[in-house]
Amino acid sequence: MFLAKAVSKRFGAGTLALDDITIRVETGDFIALLGPSGCGKSTLLRLLAGLEAPTSGQISWDAGHVPGPGEVGFVFQDATLLPWANAAENVFLPLRLRGKTRAEAETDVTAALAQVGLAEFAKARPKALSGGMKMRVSIARAMVSQPILLLMDEPFAALDEFTRHKLQEDLRSLWLQTGRTIVFVTHSIYEAAYLANRILVMSPRPGRIAADIISHVTEPPKERRGSASYIALVREITETFRRVMPDE
Amino acid sequence: MNKIVERIAPFAFGVTTLGVWQTWVWLANVPPYVLPSPLDVVHAYVDDYPTLNPALLSTLTVTFTALFCATVISVALALGMAASGLFRAAIQPWAVILQVTPVVAIAPLIILWVNQPFVALVVCAGVVCFFPILSNTGAGLDQTPMDLLDIFRLNGATRWQTLYLLRVPAALPYFLVGLRISGTLALVGAVVAEFVAGSGGFAAGLAFQIIEASYRLEIPRMFAALWLLAMSGITIYLALNLFAAWAMRRYEGA
């Protein structure tokens, strides 16, 4: 889908947040960007979204297709919904911004809400929804415009463990169904091992890609967590971290 | 139980204070031109309501006209300042200067320049009460969550869409905070303006009644006018609080 080549990012004249990152992402990949706080993984995600420009290096999109409005879906750690709008109106937003009327968008909005299991909550305002449900609305909003790339910045980090497990399962199922390309930032080894097909381990100060690990976990979502291949993957990532992390 | 006691407490305190006041005036034989008893004040109101009530109405008309104009102008200015940095740079210092200058000092000028007394009073009261709405609405328009701005950017939102679909509704709670502060300030402004204008102004408001009563040593009437002002202030305060709570309930829909 794209190749990020020798990408670096420096904020002002100060710290180097990202140093010489080269990654290639294929269509249909589910990639986890895994690293401790401050390793620049969120910055890298913002560069991929086009929200910020790299200081040096470049991101070249296959066939020169730089994603336009609505072609990149973004999910933040907070659900960041409009509090004055109900779930359906929040999901409608990306389509509305590109000039669609409510009637034109109706089918897409309903489908996106159903996809995240919230068909019955279309009329609910964010205040009436739980943390997990708000995050589901946020994911539906990111998916409604059928983006070619879905970027997620620690979306489940603020949720309780039970809700997080459920949402991880559902996200994995959603990816299996839609085959959408996802880059998912996380600081949890377990989350990265559970969700992704490919795990990019990042080391901090400056942010670098320290390892590129391919997942061989093939179990379906509900059976992944206890499987031998998952446990082996967690161990592999943990050992990689031990090797590449600078001593504190 | 505790809740009920808390609800009753202010009224109980008020009634007790009135009782002590009344008893003290009776027992110590305080003359009414020094301190009238609460009953004297009630009598003064009953005797004088044909002048006091229209005076109250006049002051309230100034208050609400000023609050309305200040709201419209402040919101317009805040939007202008949010839309254009140059406009903000040009306007903001002057708004602050106008705010920090005591209205008592500029009221004579306003009354001199504006020939129409009612308009002059509205201008004075408006000057007193515009700032909380302007600064709160401005702050609200500036503090739109960054992540939401990013969502709008990623979806190719125009500046105009970002303003009316995101920044304006996101600023509404801030605006309500400003409105609640400005509401009571508008009354203060109206009364101060009437005081400064004196008989040269509208000569119809409650402040003028207070001045006149003090010249004639009609202290019970003065207290009656004062009481009407205090009640108006508390009513405006409570009404705006209720309005803000109602608006927030509709806003968040929970």
Side-chain angles (χ1 to χ4, degrees), chain A residues 42 45-46 48-52 67-100 105 121 123-130 134 137-139 141-142 144-155, chain B residues 71 74-76 78-79 82-83 85 133 136-180 240-254:
Chain A
S42 295
L45 207 60
R46 294 178 65 79
L48 299 184
L51 286 169
E52 273 168 59
E71 289 196 303
V72 174
F74 209 108
V75 180
F76 295 93
Q77 182 172 335
D78 291 319
T80 61
L81 303 177
L82 307 173
W84 56 87
N86 66 30
E89 288 159 354
N90 267 291
V91 174
F92 171 45
L93 179 72
L95 302 178
R96 180 174 188 180
L97 289 176
R98 268 167 305 125
K100 283 211 183 182
F121 292 89
K123 293 265 182 285
R125 299 278 187 98
K127 206 182 176 186
L129 297 174
S130 70
K134 277 187 254 196
V137 177
S138 195
I139 293 171
R141 179 181 61 189
V144 74
S145 52
Q146 307 295 333
I148 56 170
L149 176 63
L150 184 58
L151 303 173
M152 307 180 89
D153 192 359
E154 306 193 15
Chain B
T71 305
S74 299
V75 169
L79 285 173
I133 298 180
N136 279 285
T137 309
L141 288 169
D142 279 349
Q143 284 167 27
T144 314
M146 292 301 286
D147 290 353
L148 272 169
L149 287 171
D150 284 341
I151 293 284
F152 271 65
R153 249 180 84 194
L154 283 170
N155 286 291
T158 61
R159 259 172 84 125
W160 173 240
Q161 282 177 322
T162 309
L163 189 67
Y164 83 91
L165 286 177
L166 178 59
R167 296 179 72 188
V168 167
L172 185 77
Y174 295 81
F175 162 76
L176 289 173
V177 171
L179 181 67
R180 282 162 56 185
L240 285 177
N241 273 5
L242 281 177
F243 171 73
W246 170 82
M248 281 309 289
R249 265 201 311 280
R250 283 203 48 128
Y251 181 77
E252 293 181 325

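On a predicted model such as this, the values are computed, not experimentally measured, just so you know. Each chain gets a letter, A, B and so on, in the order its sequence line appears, and its residues count up from 1.
- Remark: the backbone N or O of B:Gly156 is not paired with any side-chain donor or acceptor of A:Arg98 at under 3.5 angstrom.
- Interface remark: B:Pro169 contributes backbone and side-chain atoms alike to the contact with chain A (heavy atom separation under 4.5 Å).
- Nearest heavy atoms, A:Arg141 versus B:Ile151: NH2-CD1, 3.7 Å.
- With rounding to the nearest 0.5 Å, the separation of CG in B:Leu165 from CD in A:Glu89 is 11.0 Å.
- A distance of 7.0 Å separates CZ in A:Phe74 from CG in B:Leu154, rounded to the nearest 0.5 Å.
- The choice from A:Asp153, A:Leu51, A:Asp78 that makes the most heavy-atom pairs within less than 4.5 Å of chain B is A:Leu51.
- Interface residue A:Arg96: backbone and side-chain heavy atoms are both found under 4.5 Å from chain B.
- One finds the CG atom of A:Leu93 at 9.0 Å from the CD atom of B:Gln161 (value rounded to the nearest 0.5 Å).
- The side-chain heavy atoms of A:Thr80 and B:Asp150, taken from C-beta on, include no pair separated by under 4.5 Å.
- A distance of 8.0 Å separates CG of A:Leu95 from CG of B:Asn155, quoted to the nearest 0.5 Å.
- Atom OH in B:Tyr251 sits 10.0 Å away from atom CZ in A:Arg125 (nearest 0.5 Å).
- B:Leu166 touches chain A through backbone and side chain together, each having a heavy atom under 4.5 Å away.
- To the nearest 0.5 Å, atom CG of residue A:Leu81 and atom CG of residue B:Asp147 are 11.5 Å apart.
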